[in-house]
J.: 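First, the structure itself, so that you have it in front of you.
The chains referred to below are lettered A, B, ... by the order of the sequence lines, with proteins before strands, and numbering in each begins at 1.
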Amino acid sequence: MSIKLKDDSSSEDEESTLVTVSKHKKSSKKITKSVKRESSDEDDDILHAARKKQKRLKKDLKDTKTRNSHENGKSSHKTKKKTSKTIKKESENIDDEDKTLADVASQSQLSSSTKASSVDIKESSEDFKWWENNDKEDDSIKWTTLRHNGVIFPPEYQPLPSHVKLYYDGKPVDLPPQAEEVAGFFAAMLETDHVKLPIFQKNFMHDFLEVLKENGGTRNNVEIKDFEKLDFTKIAEYFQVQKEQKKQLSPQEKKQLKLEKEEFEKPYKFCEIDGRIEQVGNFRIEPPGLFRGRGAHPKNGKLKRRVYPEDVVLNLDKNAPIPEPPKGHKWGEIRHDNTVQWLSMWRENITNSFKYVRFAANSTLKGISDFKKFEKARMLKDHIDKVRADYKAKLKSPKTLDRQMAVATYLIDVFALRAGGEKSEDEADTVGCCSLRYEHVTLKPPNTVIFDFLGKDSIRYYQEVEVDAQVFKNLKIFKRPPSGPGHQLFDRLDPSILNKHLQNYMPGLTAKVFRTYNASKTMQDQLDLIPNEGTVAEKMLRYNAANRTVAILCNHQRTVTKGHATSVQKATERIEELEWQKVRYKRAILQLDKSERKKDPNYFKEIDDLSKEEELTIHKRIIEREREKYKRKFERENEKRKFDKEEALPDSQLMEWLAKVDDLEKQYQRESDTGIIEVRESLKNVEKLKQQVERLEKRITNASLQLKDKEDNSTVALGTSKINYIDPRLSVAFCKKFDVPIEKVFTKTLREKFRWAIESADENWRF
DNA sequence: ATCAATACTTAGCACCATGGAG
DNA sequence: CTCCATGGTGCTAAGTATTGAT
């Protein structure tokens, strides 16, 4: 069998015929099923046809849903249920149809495989609501049937055109394609910071020379020795040009390419598990390239080699047809392991570990795991008091192991530290709780601790915090000589010892559960503080603030975007200018009616607060910006005209524009000299001016709020906690309770991932 | 019991589509 | 309507935890 998800257009006629036929056929589902089990040869085709059917149904379902939610808004709950019921009924009939379909489909050209298979198609994946059955069956078996079409391999290497070459010591180098590819990897990264790292250059050079040697060395007898003498710029320029060309394609061409790509990927994007069609996550084999480790990774710059079908293991059910490997190749291994949830795997050459092709985040298995994770964290609620009381008591235990265990648990619980497993020499030096060393913790009496270490992804954890007095004492003991820099703080501990101990409190309790628990608990507490008032935007601001609290707890960071500093400066200047404009209008008011000042002196106070110098700076800035604006406009317009083969704008046009700016500059100058504001006729009215001031004030508060939010968020990543730590049902309950559309909180992909939460939690749900 | 291998979750970053401001 | 910033998504590295072998 090969699972084929034909696009609707190509098979529409056929389908509609089938639908009509099937409408007259009404047989019981059970019978159909049993017949299907016995059937053999045609099953592929049955499956295939049914797939299409499912797809059509899914589409219908979607359409109906969309329509419902549009028409009925939030009150569509009942309608939805009804809709899906109707559809379920219809989908039961699918099985009937399939029977009928079999002959038709097997004769059609749709299916290429003749392998035997038997699969019950129970439901379309969108109908399957695993969270509505709470049967706690054995979860070591992940599936009974699993079939898929394998993986997509990266395209073969396309050698560079002969005029594009690597240069060594000024001389062009003829490289064998294998080595040229590696040189190309480096060239493509020339603009990144990575290539500046000495370790990156060294590792690259080593692997590059190795590949070169493997393939017979350079072909024009250039001997490459020094990295310094390599010149990649010609290759980099070539890539740049190619990129530009791609950008230049017409929108239609782009669309066409995208469509073709999607069409090609379709068969790999979906798989079939227990009769349901579900999405595959990463169905593409990782392309070769230069390893980009995070932080000071000793293997940075090494060549990540190309993966061939021979390196790849496929996991399918025993009866599943084996996908065709790429021409001239064989699969490394075919496995039938239903205790795991990967579809395919291969070994990667940098760290010698496995890479897996797995289900997408919206899949049943991932959903169940996710659900279980949060349920486990919720279960900790019932044990946390005991755990805390225990570690508090054990802080004074006479046994060092117990004390270490108590302190470690405290740190994991209170500061949400990770477990901190041991790492080998050829990885970046990062730590978590158990692997903390002497130098990562500084003690400041009476009870302040400064944590400073690199955690996962080499993200710095820096916190100056007050801790429990006994924790402080213990840390002091752990740091006593002979301990010193380089020594483990918890020398008797590692995650497996700690976790084993934690299991005593609750089955399945491990260090990471505390992170989930505390993150979700914090979110719940923060959400509880939000009053149900104000606009959706205001509520979202609060929600994000709550989210941020969690992200900070978990130390989820992001690097500030390259434009951040400038964009903050711009926003600040913008606010200053708005303030100035406001003052200007207020002056104009006084010009019209001096008595206004007596009526409300406070209102006009800020006029005096603005110094002459400040004002002049603002003038200059505005004028400067206006000039730039017109110059840019002029250039851009001419570029466009050149491209369209039109006549360029005359310089006089630019002069004309700039003259306008000159006028403005003069006006500001006059206003500054005389103190008389020149507002336009329509604004020579106290009421109108006051309105303007009010509008400006609104804009200022808005801009200031946005700026503050931007600043607060610049180094904090909210996404990670939203995706991994905060029980999605909290967000769902928040939305339902506060009348916030779920789209504001979860993106489309997150809504799919968290469908179980969206459909199971109501406004009263609590973590 | 211990260690290595395997499997699965969590993480930040690059890229690009999109939508709001001008 | 255009432009640019921003958020969403894909990618894959880097963790944690469990399983399996000795």
Side-chain angles (χ1 to χ4, degrees), chain A residues 140 142 189 191-194 243 246-247 254 258 281-287 289 291-295 297 299-300 304 313 315 337 339-342 345 347-348 350-356 358-361 365-366 369-370 372-373 418-424 427-428 430-435 454-459 494-500 502-503 508-513 515-516 519 551 554-559 561-564 566-567 570-571 574 629 632-633 636-637 640 699 703 706 710 713 715-725 746-750 752-753:
Chain A
S140 69
K142 315 284 183 179
M189 294 175 71
E191 294 301 312
T192 69
D193 291 337
H194 276 282
K243 217 169 156 188
K246 222 177 225 170
K247 241 193 230 163
K254 279 187 196 161
K258 201 179 154 193
N282 52 332
F283 44 84
R284 241 185 295 270
I285 296 282
E286 290 175 15
F291 180 73
R292 304 152 92 116
R294 315 267 167 84
H297 199 296
K299 295 199 171 177
N300 251 331
K304 187 164 83 169
V313 182
N315 194 28
D337 185 353
T339 66
V340 294
Q341 33 178 317
W342 51 265
M345 77 169 194
R347 197 184 280 278
E348 158 258 8
I350 301 288
T351 55
N352 209 243
S353 58
F354 291 130
K355 299 281 188 163
Y356 298 89
R358 343 178 97 269
F359 292 100
L365 283 174
K366 286 266 197 188
S369 306
D370 220 23
K372 281 186 178 157
K373 173 183 75 185
R418 295 187 184 82
E422 203 190 351
K423 294 191 77 184
S424 79
E427 293 176 273
T430 63
V431 298
C433 183
C434 293
S435 48
L454 296 183
K456 182 178 178 180
D457 291 306
S458 294
I459 295 294
D494 68 35
S496 78
I497 295 170
L498 184 64
N499 284 338
K500 206 161 278 167
L502 291 174
Q503 314 274 325
L509 184 59
T510 61
K512 84 191 262 287
V513 180
R515 258 168 93 81
T516 315
C554 296
N555 201 39
H556 290 144
Q557 300 192 0
R558 57 175 187 165
T559 50
T561 51
K562 46 178 156 31
H564 178 71
T566 20
S567 106
K570 240 186 193 166
R574 207 87 190 130
K629 196 174 93 186
R632 266 217 316 272
K633 185 177 170 183
R636 205 174 296 148
E637 178 66 23
K640 198 171 126 196
R699 280 180 68 183
Q706 271 179 22
K710 191 186 217 161
N713 258 346
T715 59
V716 183
L718 300 189
T720 310
S721 51
K722 191 187 273 190
I723 293 167
N724 299 301
Y725 289 102
F746 292 147
T747 63
K748 186 166 83 60
T749 26
L750 276 190
E752 281 163 16
K753 166 173 167 145

J.: Checking A:Y356 now: which residues fulfil ring-ring contact (aromatic ring centres under 6.0 Å, His included) with it, not counting sequence neighbours?
T.: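 Counting only residues at least two positions away or on another chain, A:Y356 forms a ring-ring contact (aromatic ring centres under 6.0 Å, His included) with A:W342.
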J.: Quick one: label A:K304 by what it contacts on the DNA or RNA (base, sugar-phosphate, nothing), any heavy atom closer than 4.0 Å.
T.: sugar-phosphate
J.: Between A:T430 and A:N282, who's closer to the 5' end of DNA chain C by nearest nucleotide?
T.: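 The answer here is A:N282.
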J.: Where the side chain of A:K142 is defined as all heavy atoms beyond and including C-beta, which of C:dT9, B:dC8, C:dA14 is the nearest nucleotide?
T.: B:dC8
J.: Give the rounded distance in Å between these two atoms: CZ of A:F354 and P of C:dT19.
T.: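 About 17 Å, once rounded to whole Å.
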J.: Take A:L750 and A:Q503, find for each the nucleotide of DNA chain C with the closest heavy atom, and name the residue whose nucleotide sits nearer the 5' end.
T.: A:L750
J.: Using a cut-off of less than 4.0 Å, is there contact between a side-chain N or O of A:T510 and OP1 or OP2 of C:dA17?
T.: yes
J.: Going 5' to 3' through nucleotides 12-22 of chain B, assign each nucleotide B (protein heavy atom under 4.0 Å from a base atom), S (under 4.0 Å only from sugar-phosphate atoms) or - (no protein heavy atom that close).
T.: BS---------
J.: Go nucleotide by nucleotide along DNA chain B from the 5' end; which of A:Q341 and A:R515 gets its closest nucleotide reached first?
T.: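 Nearer the 5' end of the strand: A:Q341.
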J.: Can you tell me if the side-chain N/O atoms of A:T747 get under 4.0 Å from OP1 or OP2 in C:dT9?
T.: yes
J.: Distance check: side-chain N/O of A:K373 vs OP1/OP2 of B:dC8, anything under 4.0 Å?
T.: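 The answer is no; no side-chain N or O of A:K373 sits under 4.0 Å from OP1 or OP2.
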J.: Determine: side-chain N/O of A:K423 to OP1/OP2 of C:dA14, distance under 4.0 Å, yes or no.
T.: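 It does not, given that no N or O in the side chain of A:K423 lies less than 4.0 Å from OP1 or OP2 of C:dA14.
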J.: Calculate the interatomic distance between A:L498 atom CG and C:dG15 atom P; express it in whole Å.
T.: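 After rounding, the gap between these two atoms is 18 Å.
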J.: Can you tell me how far P of B:dC3 sits from NZ of A:K500, to the nearest Å?
T.: 11 Å
J.: Within less than 4.0 Å of OP1 or OP2 of C:dT18, is there a side-chain N or O belonging to A:S496?
T.: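 No, because none of the side-chain N or O atoms of A:S496 sits under 4.0 Å from OP1 or OP2 of C:dT18.
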J.: Give one of base, sugar-phosphate or nothing for A:A428, where a contact means two heavy atoms less than 4.0 Å apart.
T.: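 No contact at all - A:A428 keeps every heavy atom at 4.0 Å or more from the nucleic acid.
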J.: Apply side-chain contact (heavy atoms from CB on, under 4.5 Å) to A:I723 and A:K753, showing your working.
T.: CA-CA 9 Å; A:I723 293 167; A:K753 166 173 167 145; 3.6 Å; yes
J.: The side chain of A:V340 lies closest to which of these nucleotides: C:dA14, C:dT16, B:dA7?
T.: B:dA7
J.: C:dA17 phosphate, OP1 or OP2: any side-chain N/O from A:N499 under 4.0 angstrom?
T.: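 Affirmative; the distance criterion is met.
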J.: Salt bridge or not between A:E348 and A:K304? Use side-chain N to carboxylate O under 4.0 Å.
T.: no
J.: So A:Y725, base contact, sugar-phosphate only, or nothing? Heavy-atom distance under 4.0 Å.
T.: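 Since only primed, P, OP1 and OP2 atoms lie under 4.0 Å of A:Y725, the category is sugar-phosphate.
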J.: Using atom types as modelled and distance alone, determine if a side-chain donor or acceptor of A:N315 lies under 3.5 Å from a backbone N or O of A:D337.
T.: yes
J.: Rounded to the Å, how far apart are A:L454 CG and C:dG15 P?
T.: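 Rounded to the whole Å, the gap is 10 Å.
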J.: Under 3.5 Å, is there a donor-acceptor pair linking the side chains of A:R347 and A:N352?
T.: yes
J.: With no hydrogens and no angle check, do the side chains of A:K456 and A:T430 hold a donor and an acceptor under 3.5 Å apart?
T.: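 A:K456 vs A:T430: no donor-acceptor pair found between side chains.
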J.: Please lay out, stage by stage, how A:Q557 and A:I459 fare under the test side-chain contact (heavy atoms from CB on, under 4.5 Å).
T.: CA-CA 7 Å; A:Q557 300 192 0; A:I459 295 294; 3.7 Å; yes
J.: Round to a whole Å and report the spacing from CD of A:E422 to C1' of C:dA17.
T.: 16 Å
J.: From C-beta outward on A:Y356, which listed nucleotide comes closest to its side chain: C:dT16, C:dT12, B:dA7?
T.: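 When the side chain of A:Y356 is considered, B:dA7 is the closest of C:dT16, C:dT12, B:dA7.
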J.: Could you tell me whether A:T561 contacts a base, only the sugar-phosphate backbone, or nothing, with contacts defined as non-hydrogen atoms closer than 4.0 Å?
T.: nothing
J.: Go through the steps to decide whether A:K142 and A:T339 satisfy the test side chain to side chain donor-acceptor pair (under 3.5 Å), and finish with yes or no.
T.: CA-CA 5 Å; A:K142 315 284 183 179; A:T339 66; over 6 Å; no
J.: Between atom CD1 in A:I350 and atom P in C:dA14, what is the gap in whole Å?
T.: 10 Å
J.: Does a side-chain N or O from A:K366 land closer than 4.0 Å to OP1 or OP2 of B:dT9, or not?
T.: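 Affirmative; the distance criterion is met.
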J.: Have a look at A:G420 and say if it touches a base, only the backbone sugar-phosphate, or nothing, with a 4.0 Å heavy-atom cut-off.
T.: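 The residue A:G420 makes sugar-phosphate contact but no base contact.
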